[in-house]
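Notes follow once the structure below has been shown.
Residue numbers start from 1 in every chain, and the chains themselves are labelled A, B, ... in the order their sequence lines are given, proteins ahead of strands. These values consider heavy atoms only, across backbone and side chains, with no hydrogens, waters or symmetry-generated copies.
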There are 2 protein chains.
Amino acid sequence: MSAVRLRDIAERLGLSVTTVSRALAGYSDVAEQTRQLVLQTAQEMGYYPNLTARHLQRQRTDTIGFVVDIFGPRFSDPLFSELLAGIGNLAAREGFDLLVATTPPDTDDEVEAYRRLVRGRRVDGLILVRTRVADRRVQFLLEQQFPFVTFGRSTGAERFSWVDVDGERGVYEVVNRLIAVGHQRIALLQPDLPIMFARFRERGYRAAMAHHDLPVNESWIVHEALTEDGGYRGMQRLLELPSPPTAVLTNNDQMAIGAIRALQERGLRAGHDVAVVGFDDIPLARHIHPALTTLRQPIYQIGQHLCRTLIALIRGELDEPFHLLLQPEIVVRESARL
Amino acid sequence: MSAVRLRDIAERLGLSVTTVSRALAGYSDVAEQTRQLVLQTAQEMGYYPNLTARHLQRQRTDTIGFVVDIFGPRFSDPLFSELLAGIGNLAAREGFDLLVATTPPDTDDEVEAYRRLVRGRRVDGLILVRTRVADRRVQFLLEQQFPFVTFGRSTGAERFSWVDVDGERGVYEVVNRLIAVGHQRIALLQPDLPIMFARFRERGYRAAMAHHDLPVNESWIVHEALTEDGGYRGMQRLLELPSPPTAVLTNNDQMAIGAIRALQERGLRAGHDVAVVGFDDIPLARHIHPALTTLRQPIYQIGQHLCRTLIALIRGELDEPFHLLLQPEIVVRESARL
DNA sequence: GAGGGTTTCCAAAACGTTTTGGAACCAGTA
DNA sequence: TACTGGTTCCAAAACGTTTTGGAAACCCTC
């Protein structure tokens with residue numbers, strides 16, 4: 001029942017382990033006849049290399065790591081499965097395995113998870129998502145000179161590879177278009193964590209408002225969790241203002257859905273009374289009512305870009321850090337006419 | 001820059017590698033004073049064990065594998081992230097890593113993915129989801145006598161551990177209640193793949209119909225993809241029947257949402273004109289309109305059960321296969337009044 | 001001073017692979 | 001004959017850890 005090793009094949013054939021190994025690897029210093037014999041015997045005996053042993057010897061694991069920051073037990077992120085599919089499919093095609101760890105963000109557990117993967121040489125490289133302001137993970141990986149790629153830029157001038165979506169420009173455009181159709185009091189539902197993408201989006205928001213000489217009431221910028229409930233609560237808070245906004249931008253589609261629910265409870269209609277704009281374009285965005293106007297991120301492709309870049313980095317094929325800034329696509333549906 | 005090894009610590013202290021190893025592991029055959037010295041030095045030198053080497057020596061990887069069957073590039077499954085959170089959090093707590101592979105179901109790639117993980121000793125055990133009729137994966141793992149746990153039962157009398165939700169009973173109840181409120185023409189939107197859970201649910205459906213002496217029109221049982229579009233198409237087909245059903249059961253909430261969309265396009269209202277019942281209770285089920293009546297699966301807990309069981313199995317703490325059949329909870333909302 | 005027990009340490013083997021640095025042999029050439 | 005070059009093979013080391021089976025040193029006791 002125990003697994004067949006190179007040694008077993010070697011003994012059976014009266015060859016050395018070296019020769020068997022090199023025969024299977026296709027080296028030219030083994031006679032074609034011998035090679036065939038080894039191949040056939042390996043097949044017969046059901047040989048499959050022990051990957052752990054191979055990894056130890058080769059000093060690489062052919063594995064990439066991905067630490068998912070999870071909020072609470074009921075963690076449900078529609079983007080996540082798609083991102084993982086993008087990463088996983090490409091990794092598999094390139095002969096890499098994917099190690100996934102789950103931890104709550106910005107905790108000691110998270111730090112330990114990264115330490116373990118990096119210092120324990122558990123993986124050859126890491127993919128980071130949702131970069132944060134002054135991100136400890138980025139700092140750590142730079143210190144350790146460990147290969148990694150992020151989805152999202154960082155705050156400083158650190159040199160590393162990233163893929164990002166230009167939320168600043170996207171939000172700038174959307175706000176412009178909202179203003180063009182008559183909106184003046186425009187709110188922004190921000191996350192309750194210092195996530196980088198929210199900073200960029202806020203910058204775009206402020207730039208567009210300033211560009212049209214519109215004042216920004218700071219109470220229009222509300223911080224809540226990136227969930228439906230967060231969007232619901234945020235919209236409630238906005239509706240309680242003396243003069244509520246007529247348009248609301250959110251940081252993901254779940255928030256937008258929650259915001260719409262809050263409107264409906266007050267008898268208001270998203271898209272008519274208040275414009276609501278989401279972000280991401282999750283599959284459900286077009287199926288809810290009113291259908292969501294949103295900024296689409298090509299998340300599967302982003303997963304592929306991240307993985308492709310990381311593998312290039314691991315293989316040493318990257319001389320300079322790689323940067324890719326994708327433009328989000330504005331998808332106009334019913335929740336905000338633009 | 002190269003990593004610190006046991007040997008480096010040993011040489012620094014003039015001890016043997018054995019002693020350093022045993023000191024760090026807390027064995028009693030090393031003097032307390034020496035142990036402290038080793039601990040401190042290891043700390044100073046920034047020692048972290050090479051996990052690959054440890055795995056090779058210990059002949060186990062402390063890793064569990066999870067192969068995700070992915071349909072098409074735009075793979076978005078709201079349950080998936082929650083299941084993964086359940087598995088991942090428990091695995092981390094028990095000191096296990098999680099290796100995730102992605103492949104399309106029932107392909108050669110899938111077979112190869114399993115072969116690689118099992119034969120290459122890449123993981124200590126596997127978690128399988130969405131068991132299929134005559135599941136090749138189950139057959140393979142039984143043959144290889146490899147530890148695994150499935151979400152979903154199988155067709156035969158194979159002995160292995162599983163966790164499942166009693167869809168047969170759940171659907172039986174729902175159909176009963178639909179009949180109680182006056183429905184007679186009840187349809188069932190099935191997946192287009194031979195997934196076990198669909199078989200059980202169909203059995204419950206037929207049993208309830210038979211129990212009330214209601215005929216089952218075979219054209220009421222429609223096979224489509226487990227997606228919104230699948231649900232949309234399926235409902236369209238049902239509406240084209242000479243006398244369409246007045247109630248429709250689906251195999252997941254996405255399908256139900258698609259079905260509702262098809263109704264709306266024809267000016268029909270789910271919950272009034274046609275009752276629509278989902279399955280799973282994804283977070284969005286309560287937020288769409290009409291809110292979804294559905295059968296809730298406690299997916300995070302299922303992930304934990306799967307992981308807990310697998311780890312017990314790996315550790316040899318399980319004498320008999322473990323079976324857990326959970327009851328789904330009927331969540332009545334607007335799309336079907338029960 | 002012999003025997004027994006305890007404490008503390010370690011050399012060597014093992015896990016299964018890949019790589020290094022030849023060695024042995026043969027054929028062809030000067 | 002002696003040398004060169006090519007082909008085919010292999011012993012040994014290496015990757016970094018844990019475990020095995022002692023050994024050395026010391027202290028007690030009779």
Side-chain angles (χ1 to χ4, degrees), chain A residues 1-39 41-42 45-63 95 97 116 118-124, chain B residues 1-39 41-42 45-63 95 97 116 118-124:
Chain A
M1 196 43 27
S2 75
V4 179
R5 300 157 302 168
L6 286 181
R7 182 140 76 94
D8 299 317
I9 302 177
E11 281 171 2
R12 162 92 77 105
L13 294 177
L15 289 169
S16 75
V17 170
T18 305
T19 302
V20 175
S21 172
R22 296 180 75 82
L24 292 173
Y27 279 82
S28 64
D29 66 351
V30 24
E32 183 54 25
Q33 196 183 354
T34 319
R35 206 179 78 87
Q36 288 304 333
L37 187 62
V38 169
L39 247 51
T41 312
M45 299 178 71
Y47 172 76
Y48 203 100
N50 181 311
L51 297 174
T52 306
R54 173 178 287 178
H55 294 162
L56 177 60
Q57 151 65 30
R58 287 198 180 153
Q59 291 290 83
R60 58 188 157 89
T61 60
D62 289 336
T63 306
D97 286 325
R116 172 181 169 73
V118 172
R119 306 296 314 285
R121 316 260 125 153
R122 195 66 231 282
V123 298
D124 295 340
Chain B
M1 198 38 34
S2 74
V4 179
R5 300 157 301 164
L6 286 181
R7 183 140 77 95
D8 299 317
I9 302 177
E11 281 171 1
R12 163 94 75 105
L13 293 177
L15 290 170
S16 75
V17 170
T18 306
T19 301
V20 174
S21 172
R22 297 181 74 83
L24 292 173
Y27 279 82
S28 63
D29 67 351
V30 22
E32 183 55 26
Q33 196 183 355
T34 320
R35 206 179 78 85
Q36 288 303 331
L37 187 63
V38 169
L39 248 53
T41 312
M45 298 176 72
Y47 172 75
Y48 204 100
N50 181 312
L51 297 174
T52 305
R54 174 177 286 178
H55 294 161
L56 177 60
Q57 151 65 28
R58 288 201 181 150
Q59 290 290 83
R60 58 188 159 88
T61 60
D62 290 335
T63 306
D97 286 325
R116 173 179 167 74
V118 172
R119 306 296 316 285
R121 315 261 125 153
R122 195 65 229 281
V123 298
D124 294 340

End axis versus end axis in the helix from C:dG1-D:dC30 to C:dA30-D:dT1, the angle rounded to 10°, five pairs used at each terminus: 80°

Indicate yes or no: at least one non-hydrogen side-chain atom of [X] is less than 4.5 angstrom from one of [Y].
{"X": "B:Arg60", "Y": "B:His55", "value": "no"}
{"X": "B:Tyr47", "Y": "B:Leu24", "value": "yes"}
{"X": "A:Tyr48", "Y": "B:Arg116", "value": "yes"}

How many whole angstroms separate atom [atom1] of [X] from atom [atom2] of [N]?
{"X": "B:Arg122", "N": "C:dG16", "atom1": "CZ", "atom2": "P", "result": "16 Å"}
{"X": "A:Arg60", "N": "D:dG16", "atom1": "CZ", "atom2": "P", "result": "15 Å"}
{"X": "B:Tyr48", "N": "D:dT17", "atom1": "OH", "atom2": "C1'", "result": "15 Å"}
{"X": "A:Leu6", "N": "C:dT18", "atom1": "CG", "atom2": "P", "result": "6 Å"}
{"X": "B:Leu24", "N": "D:dG16", "atom1": "CG", "atom2": "P", "result": "16 Å"}
{"X": "B:Tyr27", "N": "D:dG21", "atom1": "OH", "atom2": "C1'", "result": "14 Å"}
{"X": "B:Glu11", "N": "C:dC9", "atom1": "CD", "atom2": "C1'", "result": "17 Å"}

Of A:Asp8, A:Thr41, A:Leu37, A:Ile9, the residue whose pairing with A:Val20 passes side-chain contact (heavy atoms from CB on, under 4.5 Å): A:Ile9

Exercise: do A:Thr18 and A:Ser21 side chains pair donor with acceptor under 3.5 Å: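 Side-chain D/A pair, A:Thr18 to A:Ser21: absent.
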
SB check B:Arg54 B:Asp62 (cutoff 4.0 Å): no

Phosphate contact (D:dT17 OP1 or OP2) by B:Ser21 side-chain N/O below 4.0 Å: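 No, B:Ser21 has no side-chain N/O under 4.0 Å of OP1/OP2 on D:dT17.
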
Phosphate contact (C:dT17 OP1 or OP2) by A:Tyr47 side-chain N/O below 4.0 Å: yes

Heavy-atom pair with the smallest gap, counting every atom of B:Thr63 and B:Arg122: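 Shortest heavy-atom contact: CB-O, 4.3 Å.
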
Check: B:Gly46 main-chain N/O paired with A:Arg119 side-chain donor or acceptor under 3.5 Å: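 A pair under 3.5 Å: yes.
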
Per-nucleotide protein contact string for nucleotides 6-15 of chain D (B base, S sugar-phosphate only, - none; heavy atom under 4.0 Å): --BBBBB-BB

B:Leu51 CG to B:Leu56 CG distance, which is reported to the nearest 0.5 Å: 12.5 Å

